[in-house]
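To start, the structure under review is shown below, and the notes come after it.
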There are 2 protein chains.
Amino acid sequence: MKVTIYHVAKEANVSIATVSKVINNNGRISEKTRKKVKDVMEKLNYRPNMLASALMGKQTKTIGLLIPDLANPFFSELARSIEDRGHELGYNLVICNTDYESDKENQYLALLMQKSVDGFILASGFENLEKVEELMKQDIPVVIVARDFPMFSVNAVALDDFMGGYLAANHLIELGHQNLGVVARDLWSNRERLRGFNHALAENDLKINSNFEFIHEIDHIKAGREMAEKYINSDNGPTAIFACNDLLAAGVIQMAKQLGLNVPKDLSVIGFDNTSIATIIEPPLTTIAQPIQSMGKEVMDLMVSIIKGEKEEKSRITLLPSLIKRKSTV
Amino acid sequence: MKVTIYHVAKEANVSIATVSKVINNNGRISEKTRKKVKDVMEKLNYRPNMLASALMGKQTKTIGLLIPDLANPFFSELARSIEDRGHELGYNLVICNTDYESDKENQYLALLMQKSVDGFILASGFENLEKVEELMKQDIPVVIVARDFPMFSVNAVALDDFMGGYLAANHLIELGHQNLGVVARDLWSNRERLRGFNHALAENDLKINSNFEFIHEIDHIKAGREMAEKYINSDNGPTAIFACNDLLAAGVIQMAKQLGLNVPKDLSVIGFDNTSIATIIEPPLTTIAQPIQSMGKEVMDLMVSIIKGEKEEKSRITLLPSLIKRKSTV
DNA sequence: TTGAAAGCGCTACCAT
DNA sequence: ATGGTAGCGCTTTCAA
């Protein structure tokens with residue numbers, strides 16, 4: 001049989017109330033009793049049942065993390081860094097893949113609420129604010145990461161995506177490119193990057209290549225390939241492409257090579273994220289870096305401070321991207 | 001206030017026992033009452049508290065997944081496929097990064113047991129069987145994945161690593177290589193791959209390059225680079241290298257290029273896993289494929305059948321690797 | 001400083 | 001067919 005607080009109490013000749021107090025380190029307990037109880041706990045190898053204490057209103061020390069796709073290196077690296085920080089702080093992570101589908105998002109939210117997680121970290125597409133508002137109304141801690149709702153009061157750790165796009169465009173423009181393509185998905189973050197990109201273009205009286213359109217394919221490498229093919233086979237193909245993530249960039253590069261182009265000589269490609277694949281692909285990818293480690297740490301720290309009630313106001317932490325020059329642009 | 005079973009009972013003019021019965025679809029309930037209760041649950045938007053029912057001995061519908069490192073594409077893809085299947089079957093996954101450290105493994109196990117997870121899926125290094133035996137003694141469902149304990153009666157979904165190594169060696173040998181290097185970590189799976197590799201060599205009166213030694217670096221790309229450097233700079237450098245995972249292979253290829261070698265002309269490289277990075281790197285990587293999707297599905301299915309008590313005996317499912325020829329070997 | 005007892009929200013047994 | 005009730009293992013007043 002599993003050893004419970006009753007066994008400990010009996011063995012130590014005290015009440016369960018006393019045991020509970022020493023477990024939680026509160027209430028006034030004599031040093032002597034405390035030691036006696038601790039010894040018994042040790043001896044019996046007692047482990048408090050967290051379900052029971054959670055049922056009494058204590059925390060579950062579990063956070064729900066909703067992300068689009070763990071197989072995307074950006075998200076797996078982000079999840080990794082969030083989990084790391086969570087572990088340091090004593091929290092576990094339930095990780096859920098949403099595939100950018102609202103249905104799945106809602107299912108997971110409902111299920112994890114039934115399981116009484118202490119809060120949600122949302123890295124998912126989450127185009128519908130409603131659900132998020134609903135959570136907040138119920139006083140459930142929520143933090144958005146790698147994603148932003150500028151018009152909306154919510155805790156968030158975000159990247160300045162606009163600036164990222166702006167940096168990418170300027171790099172390309174400085175290199176002398178005038179005909180620029182973009183590969184992006186119709187998500188908030190991507191739209192922001194695109195907006196920053198266009199902003200820089202406008203400053204130089206340039207316009208994005210007319211073949212641009214949002215991609216829909218979920219498999220990013222494939223999406224990158226398809227969009228690259230479209231650009232390259234068009235009459236006025238761009239000389240440089242800004243891919244809104246590294247995976248997309250990898251697809252673009254693959255297709256470019258396949259069609260006989262040299263990257264970067266015939267086509268410059270710049271990515272976004274700076275995941276581990278950026279250094280693996282050939283040529284090494286020039287990309288806009290997101291500080292993934294910091295994002296993970298910040299978001300977990302923010303979550304914990306909210307759970308502990310240390311935050312009265314909503315916070316938004318905006319991290320800045322940076323340009324990493326490698327060999328895929330010239 | 002959160003709506004509980006009491007609210008529903010009151011509103012529907014029945015007892016909580018009756019409500020419980022309709023929730024769980026058991027006991028004899030008249031169609032009329034059932035409908036009435038269901039309507040009230042709907043109206044009140046009632047969601048049973050899973051902590052409470054778990055405390056009564058029901059399942060938590062949560063599985064612990066221990067893996068070495070989510071940032072490694074093989075593991076993130078595996079985690080993804082396990083999570084997918086779990087979601088279909090109504091289970092959530094708590095994912096834990098162990099970094100191959102026993103300490104972390106033990107911490108996570110202890111913590112998740114306190115949280116009463118329904119079972120553990122272990123993809124981690126787990127060199128010490130003791131903990132695993134302990135879990136099994138306590139009748140906690142455990143399944144090992146991507147890892148095997150051949151001498152040990154435990155549920156497992158494994159790859160035939162020996163065969164994988166054997167395939168890799170034969171491919172290289174058929175290509176005419178005689179001086180073969182290996183990059184591996186001192187883990188069971190890697191040792192098996194190595195054993196299979198050596199077996200094929202022995203059949204051809206060949207021996208592994210004498211500079212071989214296990215790597216220790218956690219960062220696999222870096223480890224691959226370092227080992228490649230060592231091989232290449234030695235007097236009797238190999239003409240082909242078998243890297244025990246794709247990340248390692250990526251590192252090897254990077255370093256080979258950096259040192260001015262052409263892959264595959266000057267050095268053939270074969271990887272293991274067939275993760276998404278295999279097609280991204282240049283040249284596209286010849287590798288030994290693990291059926292990651294099937295592994296994820298099988299391991300989750302096995303876990304659930306154990307939880308449901310459908311398995312009396314231990315099962316070991318062994319999947320077979322296959323050779324994927326691309327451009328990194330010649 | 002310690003303990004008795006009342007729950008937390010739910011399940012399951014036993015009556016009715 | 002339905003309901004009363006005793007827990008599950010723990011926390012938290014409130015008395016002693």
Side-chain angles (χ1 to χ4, degrees), chain A residues 1-38 40-41 44-62 110-118 138, chain B residues 1-41 44-62 110-118 138-139:
Chain A
M1 216 355 239
K2 193 84 182 121
V3 19
T4 74
I5 198 170
Y6 286 96
H7 300 117
V8 177
K10 189 167 204 180
E11 184 76 15
N13 280 312
V14 295
S15 74
I16 60 166
T18 303
V19 177
S20 175
K21 277 167 198 151
V22 352
I23 292 171
N24 298 291
N25 249 313
N26 57 18
R28 265 138 283 280
I29 301 280
S30 72
E31 240 351 284
K32 205 173 122 209
T33 341
R34 166 172 269 102
K35 178 165 181 356
K36 185 173 60 183
V37 173
K38 287 215 161 185
V40 173
M41 294 196 317
L44 264 41
N45 192 27
Y46 168 67
R47 301 275 172 246
N49 179 328
M50 295 193 73
L51 293 182
S53 65
L55 189 56
M56 285 300 296
K58 288 215 146 188
Q59 296 174 31
T60 54
K61 292 284 182 178
T62 304
L111 195 52
L112 293 188
M113 287 188 52
Q114 287 186 244
K115 294 186 181 178
S116 308
V117 295
D118 295 333
Q138 296 179 57
Chain B
M1 220 351 245
K2 193 85 182 121
V3 20
T4 72
I5 198 171
Y6 287 96
H7 300 117
V8 176
K10 189 167 205 179
E11 184 77 15
N13 280 311
V14 295
S15 73
I16 60 165
T18 304
V19 178
S20 175
K21 275 168 197 149
V22 353
I23 294 171
N24 298 291
N25 248 314
N26 57 18
R28 265 138 285 279
I29 303 280
S30 74
E31 240 350 285
K32 206 174 118 210
T33 346
R34 165 172 271 105
K35 179 167 181 350
K36 185 174 59 181
V37 173
K38 286 214 164 188
D39 286 349
V40 173
M41 296 198 313
L44 263 41
N45 193 25
Y46 167 67
R47 301 275 172 243
N49 180 327
M50 294 192 71
L51 294 182
S53 65
L55 189 56
M56 285 300 298
K58 288 213 146 189
Q59 295 174 32
T60 54
K61 293 283 183 180
T62 303
L111 194 52
L112 294 188
M113 287 188 53
Q114 287 186 245
K115 294 187 181 178
S116 309
V117 295
D118 295 334
Q138 295 178 59
D139 270 319

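A quick note: this is a predicted structure, and the numbers were derived from the prediction, not measured. Note that these values count all heavy atoms, side chains included, but never hydrogens, waters or copies made by symmetry. Order of the sequence lines fixes the chain letters, A, B, ..., with proteins taken first and strands second; residue numbering starts at 1 for each chain.
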Atom CE of M56(B) to atom P of dC13(C): distance rounded to whole Å?
9 Å
Interatomic spacing from OG1 in T18(A) to NZ in K21(A) - rounded to 0.5 Å
5.5 Å
Does OP1 or OP2 of dT2(D) have a side-chain N or O of T33(B) closer than 4.0 Å?
yes
So what does V14(A) touch, heavy atoms closer than 4.0 Å: a base, only the sugar-phosphate, or nothing?
sugar-phosphate
Whole Å only: how far is the CG atom of L44(B) from the C1' atom of dG9(C)?
15 Å
Can you find a side chain N or O atom of N24(B) that sits less than 4.0 Å from OP1 or OP2 on dT11(C)?
yes
From dA12(C), dG9(C), dT12(D), nucleotide with atom closest to N26(A) side chain:
dT12(D)
Please figure out whether A52(B) or S30(B) has its closest DNA chain D nucleotide nearer the 5' end.
S30(B)
Does dA4(C) have its OP1 or OP2 closer than 4.0 Å to a side-chain nitrogen or oxygen of S15(A)?
no
Grab the NZ-P distance between K10(B) and dG9(C) for me, whole Å please.
14 Å
Is there a side-chain contact between S53(B) and the phosphate of dG9(C), meaning an N or O under 4.0 Å from OP1 or OP2?
no
Could you tell me whether the side chain of I23(A) reaches within less than 4.5 Å of the side chain of Y46(A), counting heavy atoms only?
yes
What about Y6(A): does its side chain form a donor-acceptor pair under 3.5 Å with the base of dC8(D)?
no
Check every atom of dT12(D), dC8(D), dC8(C) against the side chain of S20(A) and return the nucleotide holding the closest atom.
dT12(D)
Length of the NZ-C1' vector between K2(B) and dC8(C), whole Å
14 Å
Hey, which of these two, N13(B) or I5(A), hits DNA chain D nearer its 5' end, going by closest nucleotide?
N13(B)
Within this structure, what is the NZ-to-C1' distance between K35(A) and dT1(C), rounded to whole angstrom?
19 Å
Of the options dG9(D), dT11(C), dT12(D), whose atoms approach the side-chain atoms of K58(B) most closely?
dT11(C)
Figure out the CD1/P separation between I29(A) and dT2(C), and round it to whole Å.
5 Å
Euclidean distance, L51(B) CG relative to T60(A) OG1, rounded to 0.5 Å:
7.0 Å
Establish, with yes or no, whether the OP1 or OP2 oxygen of dC10(D) is under 4.0 angstrom from a side-chain nitrogen or oxygen of Y46(A).
yes
Calculate the interatomic distance between H7(A) atom NE2 and dG9(D) atom P; express it in whole Å.
8 Å
Distance check needed: dG7(D) P versus I16(A) CD1, whole Å only.
14 Å
Expected output: side-chain K115(B) to main-chain K61(A) donor-acceptor under 3.5 Å:
yes
So, Q114(B) side chain and P48(A) main chain: donor-acceptor pair closer than 3.5 Å or not?
yes
Has T18(A) got a side-chain N or O lying under 4.0 Å from the OP1 or OP2 atom of dG3(C)?
yes
Of the listed dC13(C), dC10(C), dC10(D), the closest approach to the K21(B) side chain comes from dC13(C)
Hey, does the side chain of N24(A) reach the backbone of N26(A) with a donor-acceptor pair shorter than 3.5 angstrom?
no
